[in-house]
Amino acid sequence: MTEFPFHHFLKADVPQNATSKEIAKNTLNTLNHGEIEHDDSDEIQAIESEILNQLKQSLPSNGFQTYFECTFNVLKLKENAIICSVTTPFIKNMIERKYLEKLEEAVTSLLGQSYQVQIEVIEQKNNSLSSNNSNLLNSLKNANPKNAREASFTLQNSREDKLSQIESQYIEHVQSDSTGILIDRTKSFSNFIVGPSNNLAYATAKAVGENPGKSGKYPSLYLFSDSGLGKTHLLHAIANAVLEHSPSSRINLLSARDFMREMVSAYQQKNVEEFRKKYTEKTDVLMIDDIHELKDKEGTQNEFFHVFNELHNKGKQLIFTSDKSPKEITGIEERVMTRLQWGLVLDIQRPDLETRIAILRAKATELDLFLHDDVINVMANSIKSSIRELEGALIKLQAYSEVMNQEIDVELARELLTLGGVNESIAPTIDSIARATSAYYKVSFADLKSKSRAKETAHARHVAMYLARKLMKVTQEEIGKFFGGRDHSSVIHAVSKIELLTKSDASLSKDLLQIENSMN
């Protein structure tokens with residue numbers, strides 16, 4: 001990066017060929033006799049510009065645009081402190097929680113010494129929205145109480161702040177930042193919604209949080225699922241539970257990419273031993289998110305292999321998450337794959353309808369957003385791929401409700417979230433449930449409806465009856481008639497049997513969920 005041109009701005013007599021450190025030292029000398037303020041100082045404006053340039057290079061683009069671009073200013077430079085401002089309390093909180101270290105590094109790099117960074121909130125004095133709100137505003141500005149395409153409105157400053165906060169929260173949900181993971185104190189077992197798709201992972205994670213390492217049942221745990229289904233929430237919940245039960249525990253929670261960056265940096269700076277000691281001698285719980293990112297990284301895999309062995313031999317807790325099972329990760333050495341499979345390997349499926357409804361209700365309460373049951377049901381039936389997508393949809397509805405002071409109804413929810421009409425989502429039938437069940441268990445559809453009492457056929461039939469009763473508003477008589485003219489008592493017996501088995505048989509719960517998801 002080019003040297004910062006202090007000599008164009010500073011009033012002191014500084015040589016044109018001076019280095020940035022020499023010029024910064026001169027700046028510090030001038031500060032001993034007073035302060036430099038934003039309103040009357042070209043120097044402050046230049047420093048602000050250079051800090052923003054450095055942050056733009058070091059931060060993810062969405063983080064910079066949301067929390068710094070058009071919202072961040074340098075107000076005053078004191079002898080030991082730099083006073084900055086942002087436009088909303090939420091942005092101040094997010095910078096202090098996630099980006100303060102990067103901001104301090106930029107200031108130190110620029111001025112040649114460390115400063116205490118203080119952030120104040122100064123609301124914008126005009127009605128123009130900053131760029132980080134533009135996308136959401138474009139989707140809302142033509143909305144009215146019944147048709148989101150026909151009306152217009154004027155935002156007040158308070159609404160602008162709310163919109164900025166909501167858009168920032170939305171970005172936090174839909175775009176995960178894989179670097180610099182800190183333990184999120186808001187993610188706990190108490191606010192994790194449990195359902196058939198994740199109950200085993202939840203119970204296991206909770207057991208690990210309460211009793212980690214060799215003294216517990218699962219000294220090595222591997223969780224995998226598609227993105228946005230809750231495995232990272234469980235990772236942070238375990239960390240919080242460990243700290244609650246044993247505050248002195250040393251936890252290393254990081255992504256696989258961060259592990260690789262640390263290792264590369266250690267080799268470059270010739271302090272590999274310190275790197276190894278950090279993970280083998282100064283760690284009680286090692287938690288690595290997205291472990292599949294180690295694929296094709298032979299050097300990193302080698303270091304990870306030795307770290308794993310050391311911690312495992314010492315009885316420390318090892319926890320990994322991924323979007324794939326260990327066997328499905330390509331580019332991983334056999335010895336590393338074997339280590340990842342040493343412990344308990346669990347997957348998390350997409351949440352079923354009841355769990356999606358529970359998630360929406362819990363998150364709506366957290367957001368202080370009132371939604372009628374029919375709105376929640378439409379959302380739960382339409383958004384099935386991930387929990388993060390469900391939460392993002394709620395945040396968009398809250399944005400509309402806050403800005404327009406308007407209650408959300410079904411028609412409006414469909415339009416704002418582009419959910420489509422009712423007819424676009426095909427409701428399950430007894431026939432579709434039976435066919436999905438027969439395909440899953442590889443049992444003939446005709447046998448499923450016959451009088452056959454073969455063990456495999458009877459089990460599949462019981463499952464189909466259970467799912468029909470669960471997913472449809474249909475009587476036992478109708479279900480029995482479809483499955484070979486059986487009476488209602490046979491259906492009651494089948495449903496009760498499957499309900500009882502789901503409480504103790506995790507594989508059956510998984511079967512039910514996969515059959516249900518196959519119909520979506």
Side-chain angles (χ1 to χ4, degrees), residues 176-184 187 198 200-202 204-205 207-209 212-213 216 218-240 242 250-267 275-276 278-280 282-349 386-388:
S176 60
D177 185 356
S178 62
T179 62
I181 296 178
L182 298 175
I183 298 173
D184 188 342
K187 289 182 170 62
N198 57 30
L200 184 56
Y202 167 83
T204 305
V208 170
Y218 314 105
S220 180
L221 176 63
Y222 186 106
L223 301 174
F224 70 98
S225 74
D226 292 335
S227 177
L229 294 183
K231 58 183 182 293
T232 301
H233 186 133
L234 286 177
L235 203 62
H236 288 273
I238 292 172
N240 284 316
V242 169
R250 298 167 298 179
I251 299 175
N252 260 319
L253 169 58
L254 72 165
S255 69
R257 288 187 180 184
D258 285 339
F259 183 85
M260 181 181 66
R261 290 190 188 105
E262 277 192 46
M263 190 209 73
V264 171
S265 177
Y267 272 88
F275 169 81
R276 289 172 179 164
K278 173 183 176 181
Y279 290 101
T280 60
K282 302 177 182 178
T283 297
D284 298 312
V285 181
L286 177 61
M287 314 173 83
I288 300 184
D289 201 13
D290 293 332
I291 195 69
H292 57 271
E293 294 288 352
L294 295 186
K295 66 179 183 179
D296 300 323
K297 308 294 190 301
E298 294 182 8
T300 310
Q301 288 181 38
N302 184 60
E303 287 296 335
F304 171 77
F305 174 79
H306 293 297
V307 166
F308 185 104
N309 283 347
E310 284 281 338
L311 292 178
H312 190 272
N313 291 337
K314 291 177 179 179
K316 304 300 184 181
Q317 182 67 52
L318 297 155
I319 308 171
F320 311 104
T321 70
S322 176
D323 61 3
K324 301 176 179 68
S325 70
K327 291 181 179 180
E328 294 174 323
I329 304 175
T330 58
I332 292 287
E333 295 179 17
E334 184 67 29
R335 60 176 183 165
V336 174
M337 185 187 301
T338 301
R339 297 308 187 278
L340 293 176
Q341 295 179 96
W342 270 4
L344 187 60
V345 178
L346 299 174
D347 67 331
I348 300 174
Q349 297 289 323
S386 79
I387 296 170
R388 188 174 297 129

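Small disclaimer: the values here were computed from a predicted structure and weren't measured. Counting from 1, the numbers follow the sequence of the chain as shown.
Inspection of the Tyr279 and Glu262 side chains reveals an N or O donor paired with an N or O acceptor under 3.5 Å.
No side-chain donor-acceptor contact under 3.5 Å links Asp289 to the backbone of Thr321. For Asn240 (side chain) and Lys187 (main-chain N/O), a donor-acceptor pair under 3.5 Å exists by modelled atom type. With hydrogens and angles ignored, the 3.5 Å screen pairs no side-chain donor or acceptor of Thr283 with any backbone N or O of Arg250. At distances below 3.5 Å, at least one donor-acceptor pair connects side-chain atoms of Lys314 with backbone N or O atoms of Thr280. Using modelled atom types, one side-chain atom of Gln301 and one backbone atom of Glu333 make a donor-acceptor pair closer than 3.5 Å.
With values rounded to the nearest 0.5 angstrom, Leu221 atom CG is found 6.5 Å from Thr204 atom OG1. One distance of note links CD of Glu334 with CZ of Arg339; it measures 10.5 Å at 0.5 Å rounding. Put simply, OG1 on Thr232 and CG on Asp290 are 6.5 Å apart, with the number rounded to the nearest 0.5 Å. Considering CG of Leu346 and CZ of Phe224, their distance stands at 8.0 Å, rounded to 0.5 Å. Going from atom CG of Leu340 over to atom CZ of Arg335 covers 12.0 Å, rounded to the nearest 0.5 Å. With values rounded to the nearest 0.5 angstrom, Glu293 atom CD is found 14.0 Å from Phe259 atom CZ.
Annotation for Ser322 and Ile291: closest pair CB-CG2, 3.8 Å, computed over non-hydrogen atoms. Heavy-atom minimum distance, Gln341 versus Pro326: CG-CB, 3.6 Å. Pairing each heavy atom of Asp323 with each of Lys231, the nearest pair is N-CE, 4.4 Å. Closest approach of Val242 to Pro212, counting heavy atoms only: CG2-CG, 4.2 Å. Residues His236 and Ile183 share a closest heavy-atom pair of ND1-CA, 3.6 Å. In plain terms, the two heavy atoms of Ile251 and Ala239 that are nearest each other are CD1-O, 3.6 Å.
Residues Leu318 and His312 form a side-chain contact, since some pair of their non-hydrogen atoms from C-beta on lies under 4.5 Å apart. In this structure, Ile329 and Met337 have side chains that are not in contact, with every pair of non-hydrogen atoms separated by 4.5 Å or more. Contact of the Leu234 side chain with the Ile348 side chain is registered, since non-hydrogen atoms from C-beta on lie closer than 4.5 Å. The shortest side-chain heavy-atom distance between Leu229 and Asn198 does not fall under the 4.5 Å cut-off.
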Worked check of side-chain contact (heavy atoms from CB on, under 4.5 Å) between Val208 and Gln317: CA-CA 8 Å; Val208 170; Gln317 182 67 52; 3.5 Å; yes
Evaluation steps, side-chain contact (heavy atoms from CB on, under 4.5 Å), between Phe304 and Lys297: CA-CA 10 Å; Phe304 171 77; Lys297 308 294 190 301; over 6 Å; no
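The side-chain hydrogen bond (donor to acceptor under 3.5 Å, both in side chains) check on Ser220 picks up nothing, with sequence neighbours excluded.
Salt-bridge check for Arg276 with Glu310: failed, with every basic side-chain N at 4.0 Å or more from each acidic carboxylate O.
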